[in-house]
Amino acid sequence: MIPFLDLKKINQQYADELKDACSRVIDSGWYIMGNELKEFEAEFAAYCGTKHAIGVANGLDALTLVLRAWKEMGKLTEGDEVIVPANTYIASILAITENNLTPVLVEPSPDTYNLTKEGVEAAITSKTKAILPVHLYGLISPMAEIMDLAKEHELLVLEDCAQAHGAEINNIKAGNWGDAAGFSFYPGKNLGALGDAGAITTNDNELAQTLLALRNYGSRTKYENLYQGVNSRLDEIQAAMLSVKLKHLDAETECRREIAKRYRTEITNPLVILPKLNDNLEHVWHLFVLRSEVREELQNWLEKHDVHTLIHYPIPPHKQQAYRDWRAIHLPITECIHEQVVSLPLCPTMNSQAVTRVIELVNEFRV
Ligand SMILES: *Cc1c(COP(=O)(O)O)cnc(C)c1O
């Protein structure tokens with residue numbers, strides 16, 4: 001059996017370090033908003049190259065709170081349009097609608113699955129105030145082009161980095177391109193906690209100050225409330241787990257890149273379309289996503305041979321019950337992607353025999 005992702009095996013590599021860190025927190029007697037959080041925030045900001053990293057409860061909150069902060073700062077008002085890729089995971093869109101902003105769903109490139117300069121440019125109207133590029137599957141969006149457009153049209157840029165910890169273009173990491181970025185540390189993400197966690201990165205001091213209050217009831221000084229904030233904090237245990245995991249992130253990314261490289265060079269079956277990319281450093285391979293017109297048969301074939309695959313994602317946001325008003329919208333590229341994608345097992349602990357087995361099976365697949 002080749003699992004899709006073996007979280008237990010990933011975390012067992014660091015079991016001693018994780019248990020030591022956990023004991024340290026238990027023994028400290030301090031469980032929320034303490035030194036572990038401060039240290040992890042400093043380490044993660046340094047990793048991304050940003051001035052600030054602000055821990056929050058999860059990735060959805062990270063995105064939601066940045067938009068909320070921009071409203072508090074007078075940079076956004078309800079009804080403003082936010083450009084977002086139509087094929088993203090629903091969280092990117094929930095962050096927009098939760099703030100009563102208007103998502104403008106834009107078709108991605110069928111090659112990269114990310115926004116393109118042309119796609120964004122065509123969607124800009126007089127109401128557009130922000131762009132929310134999603135670095136889907138681990139591939140960073142074309143950020144230099146997106147930032148040029150943003151500058152030209154005076155738009156805010158919020159990167160959704162939930163799948164792209166450490167991806168980079170020209171030595172600038174995901175999370176350090178836009179005005180702000182949201183990260184998720186959900187256990188299955190490339191940098192995963194042992195529970196829920198998230199963070200925001202930014203170089204903007206005022207935004208950072210606003211977010212520090214918003215995540216904690218709108219308060220920076222105890223019992224003084226500047227905003228009608230929320231409770232979205234990253235607790236000490238998860239911060240301690242993340243400090244351990246961050247040290248190993250680049251090594252894990254290297255393992256992901258090696259597996260992806262083998263898949264990309266050794267899978268030759270014309271029934272599948274492989275991911276395309278320009279530069280090795282742009283992708284951190286959160287997922288290895290193939291496309292096939294006979295996806296269901298491929299998935300069944302692999303399942304029959306004990307190789308577990310998943311679909312990211314089976315239903316696009318505009319076809320969800322949650323957004324039933326959008327059902328009449330037709331987005332052919334996005335819909336085609338959702339009908340054809342399938343994700344192969346990709347886990348930093350996967351051994352070379354397992355990778356070989358997956359490659360052989362995909363190559364042997366016939367209809
Ligand atoms: C996982 C994910 C999120 C949300 O993160 P949570 O920590 O689960 O709230 C947001 N955007 C994308 C693209 C994701 O993959």
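Every number for a ligand or one of its atoms is a count from 1 in the order of the listing. Start at 1 with the first residue, then count along the sequence.
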- Are Lys173 and Tyr47 in a cation-pi contact, defined as NZ or CZ under 6.0 Å from the six-membered ring centre and within 45° of the axis? yes
- Query: Of the choices Ser92, Cys161, Ser184, which has the non-hydrogen atom that lies closest to atom 5 (O) of ligand 1?
  - Reply: Ser184
- Query: Nearest to atom 10 (C) of ligand 1, what protein heavy atom do you find, and at what distance?
  - Reply: Ala91 CB, 3.4 Å
- Message: Between Phe183 and Phe44 (judged by ring centroids, cut-off 6.0 Å), do the two rings come close enough to count as a pair?
- Response: yes
- Item | Gln163-ligand 1 polar pair, N/O distance under 3.5 Å | yes
- Message: Taking distance alone, with N or O pairs closer than 3.5 Å, would you say Tyr186 contacts ligand 1?
- Response: no
- Does one hydrophobic cluster hold both Val106 and Leu149, with members joined at side-chain heavy-atom distances below 4.5 Å? yes
- For atom 1 (C) of ligand 1, the protein heavy atom that lies nearest, with its residue and separation: Lys189 NZ, 1.5 Å
- Task: Enumerate the residue pairs fulfilling salt bridge (Lys or Arg N to Asp or Glu O under 4.0 Å) with a member in residues 122-150, sequence neighbours excluded, ordered by first and then second residue.
- Result: none
- Task: Could you see which bit of Leu60 sits under 4.0 Å from ligand 1, with heavy atoms only: side chain, backbone, both or neither?
- Result: both
- Query: Applying the side chain to side chain donor-acceptor pair (under 3.5 Å) test to Asn190, which of Gln163, His165, His286 qualifies?
  - Reply: His286
- Name of the residue among Asp179, Thr50, Asn176 meeting side chain to side chain donor-acceptor pair (under 3.5 Å) with Asn203: Asn176
- Query: What residue and heavy atom of the protein are closest to atom 11 (N) of ligand 1, and at what distance?
  - Reply: Asp160 OD2, 2.8 Å
- With atoms numbered from 1 as shown, which atoms in ligand 1 lie under 4.0 angstrom from a non-hydrogen atom of Asn58? 7 (O), 9 (O)
- Do Glu39 and Ser243 meet the criterion of a side-chain donor-acceptor pair at a distance under 3.5 Å? no
- Task: Check ligand 1 against Ala162 and write out every atom of the ligand that is under 4.0 Å from a heavy-atom position of the residue.
- Result: 2 (C), 3 (C), 10 (C), 11 (N), 12 (C), 14 (C), 15 (O)
